2 protein chains.
Amino acid sequence: MDKKGRSVNGSKKTIGSSDVARLAGVSRSAVSRAFTPGAYISPETRQRVVEAAEMLNYSPNAIARSLSKKSSGLVGIIASNLDNPYYALMLSALSSALQAKGYGILLLIAELDDMDALIPKLLSYQVDGVILPAATLSSKMAVVLERSGRPVVLVNRYLQQDVVSSVSGDNYGGGTAVADLLVKGGHRRIAYMAGLDDTSSSRDRGQGLKDRLATHGIAIYAQEAGQYRHVDAVAAARRLLSMTPAPDAIFCANDIMAMAALEVAKVEYGLKVPAELAIVGYDNSDPASWPLHQLTSVDQHLEDMVKLSVEMLLRKLVSGDTTLEHLTVPASLVVRASTRQTG
Amino acid sequence: MDKKGRSVNGSKKTIGSSDVARLAGVSRSAVSRAFTPGAYISPETRQRVVEAAEMLNYSPNAIARSLSKKSSGLVGIIASNLDNPYYALMLSALSSALQAKGYGILLLIAELDDMDALIPKLLSYQVDGVILPAATLSSKMAVVLERSGRPVVLVNRYLQQDVVSSVSGDNYGGGTAVADLLVKGGHRRIAYMAGLDDTSSSRDRGQGLKDRLATHGIAIYAQEAGQYRHVDAVAAARRLLSMTPAPDAIFCANDIMAMAALEVAKVEYGLKVPAELAIVGYDNSDPASWPLHQLTSVDQHLEDMVKLSVEMLLRKLVSGDTTLEHLTVPASLVVRASTRQTG
DNA sequence: CTCTAACCTGCACGCGCGTTCACATTGCCA
DNA sequence: TGGCAATGTGAACGCGCGTGCAGGTTAGAG
């Protein structure tokens, strides 16, 4: 490439507004205005510009635009555990909602790298806001985000230190509802299969269960952790079901673990569900309703959560309001054949 | 806001490299070099710059950088059907692979808006390349992409017109392997449950099955479309199983449909699997291996496909090579309890 | 016919950074 | 000590676009 060469393919010069302007016989500003809704420009001029643009295969450079506008039109999302369909669904819903509002999504995955390295990367791309679905945020990075002045919303998580806004399902309430259902069903040896220990969602679901059981004068019978994953849940279910006496009900912190428990109970222990063992999941995911599972589950209304998250973010975005907010979306029990109605 | 005002919060001026330079007592160029690997700068100077940068919470503006570099460091991905865990997994793998190479991901979802509107949006953000997992690309947009000069890779899809590079699983080969397995198992009334009609993956899997059956002197017994979705697959399975005589084997174009078929067969028709009916899925997804399903499935080695896709894209990216390539990743059969080994 | 208001258009500047180039500084060897 | 190479410095420019401002054009009112 020569001194001013365009790297490899010198012929493929990037076309800019000036090229369009020349072809249309107008100024560069006119081109800009032709692509800016609500700008002073005559229909004829716009027409000429648009035609020239199409001829040249031109579209405004969003990167350059965001430089002067000081707004990229991008929202950063740091996702993880996309192998869990629930989070995949959440990402999908988030993307759709943001896209409908005209925002693009800058996606980072927090599997290998840790969050602390990802946040600065996100910020360097000048994202207008950040949504963190199901992510554990270090307090250090929370401060960095805070200092960046960009709005941040945590979905279905919250932090001990109150530094970031959040939208969550009512995990505690979901736990209490399950407690009521199981007690009504006549169960007394009720076990809890937790998810990941360091997530507020798993803790709150368990706490809701325990607290409500306590008001019924019942203590939790056992607790194991299934890490929200099928393999670990299978092991956890085995530990629970090999107790003597075995629990007569298991509340699992998500559907995947519940289905694992269902399998272990039926296939390995030959138990009748729900006659001998009731199983309750969480998320009310699609497979929960499938005939083979018929799993009672807690629906936390993902769509609503996502909708509110995006609304909250956009509100902060346009208003510049930096006050913290915490929204809770009610959860509702969906009763199916994996639990019995009366004792 | 006043004439030169910083929109709403006037105090929060964005800090640039000049601010850092002033604090560190060096020139703007020195700051730039401190953040550019392999640039002439003494360790001491870099140290001072980095300290000043941290103090000011500064990080280089990737947007501004990409303006002059003519490369955004972003790869565009248009995804869809993230409610299907398989595609979610693919997205996750793609993201991780790209991220490991230092690229960011600009994600768009093609549910509501159609692709044709999304492609220009992607291009306006100056993405360095585009990866289209499981997307149907209109020929018009294929041309737009071609003219943009940016490398594009289609994953597990290809087009009739040979205009875009692709990496695919060996769908045809997967179909033939299933045919062999089923014939060996003594089945003669073999049905195919297709996915989406306009996808090459579904067509190729079916064609592989039919062609290989033909060499065994067997014609396909029936075919229904399940749209790759559980609900539609349940309906399709009912149509198939209510035939007289019913098929003695169903090959489904993905695992979700296979599980649906499994449910209908067991729950509604009380059939013994695999004694009375064999069922084969595709993708070898996680649930296929779960005890309750034990589903024979075709593994198309998603990880390999993704790895090759990203490698291909990056190769085109750095070399500027624009020749079309089509890679095929072999598929392998994973036999489980939903099929019998011998007739 | 003149004056003013309404409407367009083009100029010039700035956004934050990478890069280049001429120059200043240092280090090294003779 | 002189001179040359190696290395660091700072001013200037370009990247592509938005936009305030001033100038220009037109139409309608008086």
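Being a predicted model, the structure only gives us computed values, none of them experimental. Chain naming here is simple, since letters A, B, ... match the order of the sequence lines and numbering starts at 1 in each.
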Is [X] touching bases, backbone alone, or none of the nucleic acid, heavy atoms closer than 4.0 Å?
X       : value
A/Ser18 : nothing
B/Phe35 : nothing
A/Tyr40 : base
B/Ser42 : sugar-phosphate
B/Val31 : nothing
A/Ile63 : nothing

Could you give the [atom1]-to-[atom2] distance, from [X] to [N], as a whole number of Å?
X        : N      : atom1 : atom2 : answer
B/Leu56  : C/dG16 : CG    : P     : 14 Å
B/Ile15  : C/dC15 : CD1   : P     : 15 Å
B/Arg46  : D/dT9  : CZ    : P     : 12 Å
A/Leu123 : C/dG16 : CG    : P     : 16 Å

When you get a sec, tell me which of [options] is the closest nucleotide to the side chain of [X]?
X       : options                : value
B/Leu67 : D/dC17, C/dG18, D/dG16 : D/dG16
A/Tyr58 : C/dG18, D/dC17, D/dG18 : D/dC17
A/Arg28 : D/dC17, C/dG16, C/dG18 : D/dC17
A/Arg33 : C/dT9, C/dC17, D/dG18  : C/dT9

Polar side-chain contact A/Ser29-C/dC11 base: donor and acceptor under 3.5 Å: yes
State whether B/Asp19 and B/Arg22 are salt-bridged, where the test is any N-O pair (Lys NZ or Arg NE/NH1/NH2 against Asp/Glu carboxylate O) under 4.0 Å. yes
Ionic contact status for A/Glu311 with A/Lys307, cut-off 4.0 Å: yes
Within 6.0 Å of CD in A/Glu325, more than 12 heavy atoms from elsewhere: yes
Counting only side-chain nitrogens and oxygens, does [X] get under 4.0 Å of the OP1 or OP2 atom of [N]?
X       : N      : result
A/Ser17 : D/dG16 : no
A/Thr45 : C/dT9  : yes
A/Lys70 : C/dG14 : no

Distance alone, cut at 3.5 Å: any donor-acceptor contact between the side chains of A/Ser42 and A/Thr45? yes
Correct closest heavy-atom pair for B/Leu159 and B/Leu137 would be CD2-O, 3.7 Å
Of B/Ser27 and B/Ser68, the one whose nearest nucleotide on DNA chain D sits closer to the 5' end is B/Ser27
Residue closer to the 5' end of DNA chain D, A/Asn61 versus B/Ala30 (nearest nucleotide): B/Ala30
